[in-house]
Engineer: 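Let me begin by handing over the structure; questions about it come next.
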Amino acid sequence: RVEGRSEIIIIDAPLTAIIYPSPAKSTVQVQSNKVIDEIKVIDITGRTVLAEIQLDGKQASLNISSLVEGHYFLRIQAEGAVKTLRFVKQ
């Protein structure tokens, strides 16, 4: 540390996100505390079955009507952070 200089430490808040409803039939809503860059829907085998890229904002609506019933993971990438949540498609 050099005398006479001050340090600024920026603490980045963790990514928090919610999805609803779950179970869902045709659409899931995503809300985040950060600007969402990309959302991927991943099936239980690890295969990406839906991707939304270049989103702009902290909310998104995904049409999941083409997915078969079952359990899925929603991978959210926002401002360099990643969060994975689970939802059920009816």
Engineer: Applying salt bridge (charged side-chain N to carboxylate O under 4.0 Å, His left out), which residue pairs with at least one partner in residues 65-90 are found, sequence neighbours left out?
Structural biologist: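 Checked against salt bridge (charged side-chain N to carboxylate O under 4.0 Å, His left out) - neighbours excluded - the pairs reaching residues 65-90 are E38-R75.
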Engineer: How many angstroms lie between CD1 in I18 and CD1 in I76, if you round to the nearest 0.5 Å?
Structural biologist: 9.5 Å
Engineer: CD/Q59 to CD/Q31 distance, rounded to the nearest 0.5 angstrom?
Structural biologist: 4.5 Å
Engineer: Shortest non-hydrogen contact from K58 to K34?
Structural biologist: CG-O, 3.4 Å
Engineer: How about I36 and V30: do any of their side-chain heavy atoms sit closer than 4.5 Å?
Structural biologist: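 The answer is yes; the side chains approach within 4.5 Å.
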Engineer: For A24, enumerate each residue passing the side-chain contact (heavy atoms from CB on, under 4.5 Å) test, keeping only those at least two apart in sequence or located in another chain.
Structural biologist: P21, V28, I64
Engineer: List the atom of Q29, the atom of S61, and the distance in Å for their closest heavy-atom pair.
Structural biologist: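 So the two residues come closest at NE2-OG, 3.1 Å.
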Engineer: Should L62 and T27 count as side-chain neighbours, where that means a heavy-atom distance under 4.5 Å?
Structural biologist: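 Sidechains of T27 and L62: no contact.
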Engineer: If the condition is side-chain contact (heavy atoms from CB on, under 4.5 Å), which residues does N63 pass it with, not counting sequence neighbours?
Structural biologist: S65
Engineer: Could I get the full list of side-chain contact (heavy atoms from CB on, under 4.5 Å) partners for T16, not counting sequence neighbours?
Structural biologist: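 Listed in chain order: N33.
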Engineer: Should L67 and I44 be counted in the same cluster of Ile, Leu, Val, Met, Phe, Trp and Tyr side chains packed under 4.5 Å apart?
Structural biologist: no
Engineer: Just verifying a value: how many Å separate I19 CD1 and L74 CG, rounded to the nearest 0.5 Å?
Structural biologist: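 Here the rounded value is 5.0 Å.
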Engineer: What residue pairs, at least two apart or across chains, pass ring-ring contact (aromatic ring centres under 6.0 Å, His included) with a residue in residues 70-90?
Structural biologist: Y72-F87
Engineer: So, do I39 and L55 sit near enough that their side-chain heavy atoms are less than 4.5 Å apart?
Structural biologist: yes
Engineer: Side-chain contact test, heavy atoms from C-beta onward, threshold under 4.5 Å: evaluate it for V82 versus L15 and give yes or no.
Structural biologist: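 The answer is no, as the side chains (C-beta and beyond) never meet within the 4.5 Å cut-off.
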Engineer: Name every donor-acceptor pair, under 3.5 Å, that has one atom in a side chain of residues 46-53 and the other anywhere in the protein, sequence neighbours excluded.
Structural biologist:
residue	atom	partner	partner atom	Å
R47	NE	D43	OD2	3.4
R47	NH2	D43	OD2	3.3

